[in-house]
Amino acid sequence: MSIEPVEADGERATLRSEAEGGIVAQLRIDHPDLVLGPTLRRAPDVTLEPQYATTLETGRTVLFVTAYGSSFDGFESALVTDSTVLDPVLVDRYPDRRVYRVTLAEHAITVTERTADVGGRLLDVSSSRDGWLVQLRFPSRDALVAFNESCRSCDMSVSVDHLRVSDDDDEGVVALTEKQQELLAVAYEEGYFDVPRGISQDELADRLGVSKSAISQRLRRAIGELCDASLSGTSSA
């Protein structure tokens, strides 16, 4: 026997949907107190990718972040003096990346809270030389305007890379950033996916003017997003 959920007035509860339409925005965000911002400015050759955050019983928020690069000495020196985080800890080490745990300082500013406050959703986030590059999906233009006003209220710098309206007929949004799209286009045109490969990751990095670690990270995330969009809803026999 199934029981239909009902509200206090006896009416059947319904699920509210914001899945149709909406706006996808790629934004560059910066502020002196933006989490890990001081480290990004002092160690621009390392690419950061936040993994997840959790709030402890003490009320403190702990963030796990992956750093991609060929050398981490300068990055770690910047990290231990970053005023937006406390108690940085190296928790895992790989040939091309390291994983760190940091505790957010009370004055540290995050983008996720402001995004959620207006009903938005974080699609992608990565570091840039001037702060964070984020791709967000908002349910409406009003929500995007409210997010922008929230950022301005604390003097957060927000610049738009591009905006895209999600059509009602879209079956889903492939969350590729502009840089990921550019990388995939160049990689495909130059034969990176051919056998044998027509271009290496080192050559792609030189072509696009970024580090090899950034190329590796963008390729992994872009291919992951494409697989997620293509295989969503399928199941094995």
Side-chain angles (χ1 to χ4, degrees), residues 26-116 121-136 175-177 179-180 183-184 187 200-202 204-205 208 210-228:
Q26 183 167 294
L27 310 172
R28 294 182 182 274
I29 299 179
D30 191 24
H31 186 278
D33 292 331
L34 195 61
V35 62
L36 292 173
T39 296
L40 296 180
R41 285 184 285 273
R42 289 186 55 193
D45 293 334
V46 171
T47 302
L48 295 186
E49 180 184 329
Q51 298 301 316
Y52 70 94
T54 185
T55 301
L56 306 178
E57 291 184 356
T58 60
R60 290 287 195 178
T61 298
V62 172
L63 172 68
F64 289 83
V65 59
T66 299
Y68 295 84
S70 56
S71 176
F72 297 93
D73 291 343
F75 169 79
E76 292 181 350
S77 295
L79 186 61
V80 297
T81 59
D82 192 322
S83 62
T84 66
V85 295
L86 308 170
D87 190 28
V89 179
L90 172 64
V91 296
D92 223 336
R93 191 197 318 261
Y94 303 91
D96 66 336
R97 66 191 186 278
R98 295 184 181 183
V99 181
Y100 300 86
R101 182 183 70 241
V102 297
T103 302
L104 272 58
E106 291 185 1
H107 68 277
I109 295 175
T110 64
V111 176
T112 51
E113 183 176 353
R114 282 176 168 75
T115 303
R121 180 166 69 94
L122 181 67
L123 298 179
D124 186 72
V125 57
S126 61
S127 63
S128 67
R129 292 178 179 271
D130 52 356
W132 290 100
L133 179 66
V134 298
Q135 190 175 77
L136 309 172
L176 294 183
T177 67
K179 289 184 177 181
Q180 289 170 344
L183 171 57
L184 287 181
S200 67
Q201 287 193 11
D202 285 339
L204 281 172
L208 297 175
V210 297
S211 66
K212 181 182 176 181
S213 62
I215 291 294
S216 176
Q217 181 238 142
R218 287 179 199 169
L219 275 173
R220 182 176 59 82
R221 288 187 65 87
I223 293 172
E225 292 290 354
L226 290 175
C227 289
D228 181 64

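Throughout, residue positions are numbered sequentially from 1 according to the sequence presented.
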Sequence neighbours excluded, every pair satisfying salt bridge (Lys or Arg N to Asp or Glu O under 4.0 Å) that has a member inside residues 28-56
R28-D130, R28-D161, D30-R41, D45-R129, E49-R220, E49-R221
Selection residues 63-89 - residue pairs positive for salt bridge (Lys or Arg N to Asp or Glu O under 4.0 Å), sequence neighbours left out:
E76-R98
Sequence neighbours excluded - ring-ring contact (aromatic ring centres under 6.0 Å, His included) pairs with any residue from residues 66-88:
F75-Y100
Taking C-beta and beyond as the side chain, do V134 and L122 meet within less than 4.5 Å on heavy atoms?
yes
Measure across T84 and P32 and return the closest heavy-atom pair with its distance rounded to 0.1 Å.
CG2-O, 4.2 Å
Interatomic distance, L123 atom CG to Q26 atom CD [nearest 0.5 angstrom]:
10.5 Å
V125 side chain near L133 side chain, heavy-atom distance below 4.5 Å:
no
Have a look at V65 and tell me which of T39, L48, L79 forms a side chain to side chain contact (heavy atoms under 4.5 Å, CB included) with it.
L48
S71 to V46 - nearest heavy-atom pair and separation
O-CG2, 3.8 Å
I need the minimum non-hydrogen distance between D96 and S216, along with the two atoms involved.
OD2-OG, 4.0 Å
Whether the side chain of W132 engages the backbone of V35 through a donor-acceptor N/O pair (distance < 3.5 Å, no angle test) should be reported.
yes
Just jot down the side chain to side chain contact (heavy atoms under 4.5 Å, CB included) partners of S200, sequence neighbours excluded, or say none.
D202, E203
Which heavy atom of S83 sits nearest to which heavy atom of A105, and what is that distance?
O-CB, 3.5 Å
Say you draw a straight line from CG of L136 to OG1 of T115; how long is it, rounded to the nearest 0.5 Å?
4.5 Å
Evaluate L184 against L219 for side chain to side chain contact (heavy atoms under 4.5 Å, CB included), listing each step before the verdict.
CA-CA 7 Å; L184 287 181; L219 275 173; 4.0 Å; yes
Residues that E113 engages under side chain to side chain contact (heavy atoms under 4.5 Å, CB included), provided they are two or more places apart:
T110, D117
Please enumerate all residues that pass side chain to side chain contact (heavy atoms under 4.5 Å, CB included) together with T58, with sequence neighbours excluded.
L56, R60
